Visitor: 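What follows is a single structure, and I will ask about it in a moment.
Numbered from 1 within each chain, the chains take letters A, B, ... in sequence-line order. Since this is a predicted model, take the numbers as computed values, not measurements.
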Amino acid sequence: MSIKELGKAFEPAEAEKRLYAYWLKNKFFHAQDKSEKPAFSIVIPPPNVTGILHMGHALNNTLQDVIIRFKRMQGCNTLWMPGTDHAGIATQNVVEQQLAREGTSRHALGREKFIARVWEWKEKYGGVIIDQLKRLGCSCDWDRERFTMDEGLSQAVREVFVKLYNEGMIYQGDYIVNWCPRCHTAISDLEVEFKSDASFLWNIRYPYEDGSGGIVVATTRPETMLGDTAVAVHPDDPRYKDKVGKFVILPLMNKKIPIIADDYVTMDFGSGAVKITPGSDPNDFAMAQRHQLEIISILDGEGIINEHGGPYRGQDRYEARKNVVADLEKQGYLVGTEPYEHNVGQCYRCKTDIEPMVSKQWFVKIKPLAQKAVAAVTKKKTRIVPSSWEATYFDWMNNIRDWCISRQLWWGHRIPVWYCGDCGKVIVSTVDPDRCPICDGASLAQDEDVLDTWFSSSLWPFTTLGWPKRTQALKTFYPTSLLITGFDILFFWVARMMMMGLYVMKDVPFKDVYLHALVRDEKGEKMSKSKGNSIDPLVMIDRYGADAFRFTLVAYTAQGRDVRMSPERIEGYKFFVNKIWNAAKLTLTNIADFDENAPLEAGQTLPDQWIRTKAAEAVQDVTQCLDEYRFNDAAASLYRFIWHEYCDWYLEASKPALYGKLSGEQRRVTQKTLRDVFGVMLRLLHPFMPFVTEELWQALHAGEGESIMVSRFPEAETSWINRDAEREMEMLMEIITAVRNIRGEMRIAPSMKLKVLICAADNAQKKAVDEGADYLVNLANLESLQVEVDLVEPKGVATAVVGSHRIFVPLEGIVDIAAEKSRLEKELAKISKDLEQSSRKLANRDFRHKAAPEVISKEEDKLKSFQEKYATLEGALKKLKEIAS
RNA sequence: GGGCGGGUAGCUCAGCUGGAAGAGCGCCACGCUUACACCGUGGAUGUCACAGGUUCGAGCCCUGUCCCGCCUACCA
C-alpha cells in the first residue's frame with residue numbers, strides 16, 4: 001500500500017484550515033431531509049448574534065460535535081442545526097452605543113431607521129461566532145443556518161402568538177413587573193439577578209390620625225413611602241387588633257391611609273407592621289389587589305420621581321431616598337436606623353437595580369403549559385441527564401409564575417396586535433391587517449412592544465426545521481434526539497422549549513437533554529472579563545491546536561462537575577496529539593510496503609492478539625461512554641488505549657517483527673495488525689480530535705480514501721478478543737516490569753544487558769514464557785534468558801515473583817548485595833501487610849459463612865499467591881544474608 | 001429559609017450495582033535505545049473531612065456534625 005510521508009510534527013494551523021475547507025467542499029456536514037438511515041438531530045443553543053466565542057460556548061459546542069460526529073459515523077442521517085438568536089436587549093444596546101458615539105440616538109433616528117441600522121450592524125459584525133465555531137471544528141449543517149429574526153422564524157413567532165391568544169393563553173394587563181430603568185423595558189422574573197447589599201433598615205413612625213401616638217414601620221426603601229396606600233398588620237396581632245380599620249397619616253405626604261389586616265405580615269419581624277406600596281413592590285401589589293387598595297406609581301420609566309411624589313418630583317430614586325430620610329429625621333418621624341443586609345434585584349444585562357413597577361404588559365398563562373412539561377419528564381418522554389437536575393426542573397415548573405413576554409424595545413419580534421383608531425377594536429393577526437374588520441377603518445396602530453427573545457428561542461427546535469410549514473425536515477428530525485446545553489439556561493430555555501414544543505407540536509422537542517457544567521479557571525472561579533481570568537478559546541486553538549483544546553474540554557467534563565480550565569492542561573493534551581502523530585509516523589513507515597492482497601501464512605503473534613483484544617475493549621468502552629454521555633470517561637479510555645497500550649507496549653513489542661528480527665511472514669502479520677488497529681484508533685478518536693485524525697487517515701490511505709468523517713465508527717470486533725492471549729501477554733508484561741524494576745532500584749544502567757533466569761511452576765508455564773522470550777529479551781534488554789521448571793536458585797541474584805514465576809537476575813559483578821537486601825526487605829514489608837490482611841479475613845468465620853463463594857475463592861487465591869511470593873522473597877533474602885556474612 | 005453538588009496522593013479529579021485505594025500533572029532517580037526529550041524506564045506519596053451506625057466486609061449504604069461551592073426564595 002502507498003503511504004503519505006508525514007512531517008516532523010502536526011501543524012494544526014495549516015491543517016485545520018485545509019481540512020475544514022475540504023469537509024465543507026464535500027458537504028459532509030449536510031443532512032438529508034429524507035433518508036433511509038435513522039435520523040439523529042441536535043439543535044444548537046443559538047448564541048447571541050452579538051456574541052463572541054467564550055469557554056462556555058467552546059465546551060458546549062465541542063460536546064455537541066463529539067456526539068454529532070459519533071452518530072454520523074455510526075451511519076445516522078445526522079443533523080446539527082446551527083444558528084444565532086437576535087438577543088433583543090444586548091443587540092439593541094450595542095447599536096445604541098454605536099449611535100451614541102456618533103452623537104445621535106435611536107429616538108433621533110426613529111424606529112424604522114433604527115431597526116435598519118441594527119440589521120446593518122448584524123450583517124456586518126453579527127455572527128462572528130459562527131466562524132469561530134468553525135475554528136473549533138464544528139460540523140454543523142451550515143446550509144441550514146437560521147436566525148431568530150429570519151422571515152420564516154418571524155412568521156412562526158406570529159403563528160404561535162396568535163394561537164396562544166386565540167386559545168386564551170395570552171393576556172394583557174396592568175401588573176407589577178420588573179422594570180429596568182436603564183434598558184427601559186420590563187424583564188421577566190428570570191432576568192433579575194439578586195445581589196446582596198449592605199444597606200439600612202429605616203424605622204419610621206406613622207402617626208395615628210387621631211393623634212394618639214403612632215405605628216412604626218420598617219423599610220429598606222424609604223423613598224417608596226411617597227406611594228404608600230396602607231399599613232398592614234397581622235390579623236392575630238394583639239398589639240394592633242383595635243387599630244385595624246383606623247387610619248394613619250402618611251408623613252411628608254400628609255395623607256390619610258388605612259391600617260389593614262393581612263396574614264402576609266410576620267408578627268415577629270420588627271414592629272409587626274408593614275408599610276404597603278403597591279406601586280413599588282410585588283407583595284404589596286398582591287395585597288392591594290386583595291384589599292382593593294389604591295395603587296400609585298411614584299416613579300417614571302427612568303427611575304425618577306413623578307408627579308405623585310409631591311415635593312420630590314424630578315429627583316432620581318436614590319437622591320429622593322436621601323432627601324426623604326433627611327426630611328423624616330428633621331420632622332421627627334425617623335425612629336431609628338439599623339444596618340441591614342438584603343437582596344437587591346438587578347438587571348441581568350446591565351446590572352442596574354430593578355424597579356418593580358406597574359405597567360401594561362403581555363403575559364403567557366404558564367401553569368397549563370408547565371403541567372404538561374412536567375408530565376413529559378415524569379413519563380420519561382424527555383430524559384434529563386444527569387438526572388439530578390430533574391428535581392430542579394420540577395421545582396421550578398411547579399412554582400412557575402406567568403411569563404411576561406412583552407419588552408419595550410425596538411429590536412425584536414413586534415407583537416402582532418393592532419388597535420383600531422376608529423372603533424377601538426383589538427386585532428390579533430398573523431398578517432399585517434390593512435383595515436379594521438369591524439368598522440373597516442384604516443387607522444390601525446400596531447402594539448409598540450416586541451416579544452422577549454426567549455419567546456422565539458423557545459420555538460427553535462421546530463421553527464428551524466421549517467414550521468409552520470409541514471416540511472420533510474420537520475417530519476424527519478422532530479422531536480430532535482438530543483439537546484446539549486449548560487445548566488444555567490435550564491429555566492430560560494430548556495423549560496420553555498419543553499412547554500412550547502408540547503403546546504405547538506404536541507410532542508417533546510428533544511428526547512434527551514444533557515446539561516453540562518460551567519467552565520471555570522484553574523482556581524475554580526467563574527471566568528469573567530472584569531476578573532481578567534478568562535481564557536480566550538481562539539488563543540488556545542492558535543497556540544495548541546483545536547484537537548488538543550477539544551480533548552481537554554472533553555476530558556474534564558465529568559457529569560455534574562465544573563470544568564476547570566488552564567493553559568497547562570491544554571498543553572498536556574497537545575503532547576498527546578504529538579504522541580499520536582509520532583506513533584502514526586512509526587506505524588505508517590512500517591506498513592508502507594504491506595501488500596494487502598498477498599495471503600498471510602503465519603498466525604498472529606502474542607502482542608498482535610493482545611492489542612486486538614485491547615482495541616476491541618476500547619471500542620466497546622468508548623461507545624458505551626458516549627451513549628451514556630460520560631465524556632471524561634471516554635477521553636480517559638482513549639488516552640489509556642492509545643498511549644499506554646498501543647504506544648507503550650504494542651509498538652515496542654512489534655519492533656522486532658518490523659525490524660526484521662522475526663520472519664518476513666511474521667512481519668506481514670504484524671503489519672496487518674498495525675494497519676487494522678491504527679485504523680480503529682483513528683476512527684475511535686475522530687469525534688474528539690477531528691483534524692489530526694483526518695490528516696492521518698488521509699496519510700494512511702495516501703490521500704485516496706474517503707474522509708474519516710464518513711467512515712464507519714468501529715464496532716467491537718468480538719473476534720478480536722482473545723482472553724488467553726491477553727492473560728499471557730500481561731504476564732509477560734509483568735515479568736518485564738519486574739526486571740525493569742530491579743534494574744531501576746539497583747541502579748543498573750539501562751544500556752547494560754542482563755542475564756535472567758526464570759523458574760516456572762510447570763511445563764505449561766514454561767512454554768508460555770518461552771513463547772514470549774523474544775519480547776522479554778527485547779523489552780527488558782536481556783543478554784540471555786533461561787527458563788526451567790526445576791531451576792535451582794542461584795546465588796547472588798536479585799529476585800522477583802510474578803504469578804507462579806520466580807525471576808532471578810544475577811548480580812555478581814554488577815551491584816553490591818546490600819542494595820538488593822534492602823530492596824527485598826522493602827518488598828517483604830509490603831507483601832506481609834497484604835498477607836496479614838488477607839489471612840485475617842479468611843480466618844474470620846463470619847466471612848467464610850456469609851460472603852459470596854466467588855469472593856471467598858478469590859480471596860484464597862490471593863492469599864496463596866501472597867504466601868508464595870513471601871516465601872520466595874524471604875528465601876532470597878536469607879541467601880543473600882549468607883553470602884554477605 | 002429551602003434545595004443541590006462536593007470534601008480521596010502536593011495539585012486537578014476518577015472510583016459503575018459495597019469485596020486487594022486509581023489516573024493525569026507535579027516530584028525524585030536514571031537514560032539522547034534508529035516514532036516521539038511535546039520522550040522513555042523505574043520510584044515515592046493517602047487516618048478516602050469528622051463522629052457514630054448497618055454489614056463477615058464501607059471511599060461507596062444510613063444518621064449526625066463541620067467546612068466549600070452553586071441554585072432558589074416575597075419576610076418589610
Visitor: Taking any heavy-atom pair under 4.0 Å as a contact, classify A:A852: base, sugar-phosphate, or nothing.
Guide: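 Result for A:A852 = base.
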Visitor: For A:Y639, which contact category applies under a 4.0 Å heavy-atom criterion: base, sugar-phosphate, or nothing?
Guide: sugar-phosphate
Visitor: Looking at A:F594, is A:R675 sitting on its ring face, NZ or CZ under 6.0 Å from the six-membered ring centre and within 45 degrees of the normal?
Guide: no
Visitor: Base, sugar-phosphate, or nothing: which does A:S838 touch, judged by heavy atoms less than 4.0 Å apart?
Guide: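 No contact.
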Visitor: Categorize A:N741 for me: base, sugar-phosphate, or nothing, with a 4.0 angstrom heavy-atom threshold over every strand shown.
Guide: sugar-phosphate
Visitor: Base, sugar-phosphate alone, or nothing: which one does A:F394 contact when heavy atoms must sit under 4.0 Å apart?
Guide: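 A:F394: no heavy atom of the nucleic acid under 4.0 Å.
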Visitor: At under 4.0 Å between heavy atoms, what does A:Y264 touch on the DNA or RNA strands: base, sugar-phosphate, or nothing?
Guide: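 If one applies the 4.0 Å heavy-atom cut-off, A:Y264 turns out to touch a base.
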Visitor: Using a 4.0 Å heavy-atom cut-off, does A:V577 contact any base of the nucleic acid, only the sugar-phosphate backbone, or nothing at all?
Guide: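 Contact class for A:V577: none.
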Visitor: Is it the case that the base of B:A35 and the side chain of A:E652 share a donor-acceptor contact (distance under 3.5 Å, atom types as modelled)?
Guide: yes
Visitor: Taking only the P atom of each, what is the distance from B:G64 to B:C39 in whole angstrom?
Guide: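 The same atom, P, in both gives a distance of 49 Å.
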Visitor: How close or far is atom P of B:C70 from atom CD of A:E193, stated in whole angstroms?
Guide: 13 Å
Visitor: Would you call the rings of A:Y514 and A:Y629 parallel, tilted or perpendicular, taking 30° and 60° as the class edges?
Guide: tilted
Visitor: Identify whether any heavy atom of A:K830 sits under 4.0 Å from a base atom; if not, whether one sits that close to sugar-phosphate; answer base, sugar-phosphate or nothing.
Guide: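 Sugar-phosphate, no base atom in range.
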Visitor: Checking only heavy atoms, does the side chain of A:K579 share a donor-acceptor pair with the base of B:C36 at less than 3.5 Å?
Guide: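 Such a pair exists between side chain and base.
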Visitor: Base, sugar-phosphate, or nothing: which does A:D648 touch, judged by heavy atoms less than 4.0 Å apart?
Guide: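 Result for A:D648 = sugar-phosphate.
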Visitor: Under 4.0 Å between any heavy atoms, over every strand shown, what does A:T219 touch: base, sugar-phosphate, or nothing? Just pick one.
Guide: sugar-phosphate
Visitor: Once the angle between the rings of A:F269 and A:Y340 is folded into 0 to 90°, is it parallel (under 30°), tilted (30 to 60°) or perpendicular (over 60°)?
Guide: perpendicular
Visitor: 5'-most contact on RNA chain B: A:R740 or A:E341, nearest heavy atom basis?
Guide: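 In this pair, the answer is A:R740.
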Visitor: Flag the pair A:K830 and A:E825 as a salt bridge only when some basic side-chain nitrogen lies within less than 4.0 angstrom of an acidic carboxylate oxygen.
Guide: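 No, this pair does not count.
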Visitor: Select base, sugar-phosphate, or nothing to describe what A:A851 touches, counting heavy atoms under 4.0 Å on all strands.
Guide: base
Visitor: B:U34 and B:G46: how far apart are their C1' atoms, nearest whole angstrom?
Guide: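 Looking at atom C1' only, B:U34 and B:G46 are 42 Å apart.
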Visitor: Measuring only the C1' atom in each nucleotide, how far is B:G31 from B:C70? A whole number of Å is fine.
Guide: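 The same atom, C1', in both gives a distance of 48 Å.
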Visitor: Please measure how far the C1' atom in B:A51 lies from the corresponding atom in B:C30, and state the result in whole Å.
Guide: 47 Å
Visitor: Is it true that A:E836 and A:K841 have a side-chain N and a carboxylate O under 4.0 angstrom from each other?
Guide: no
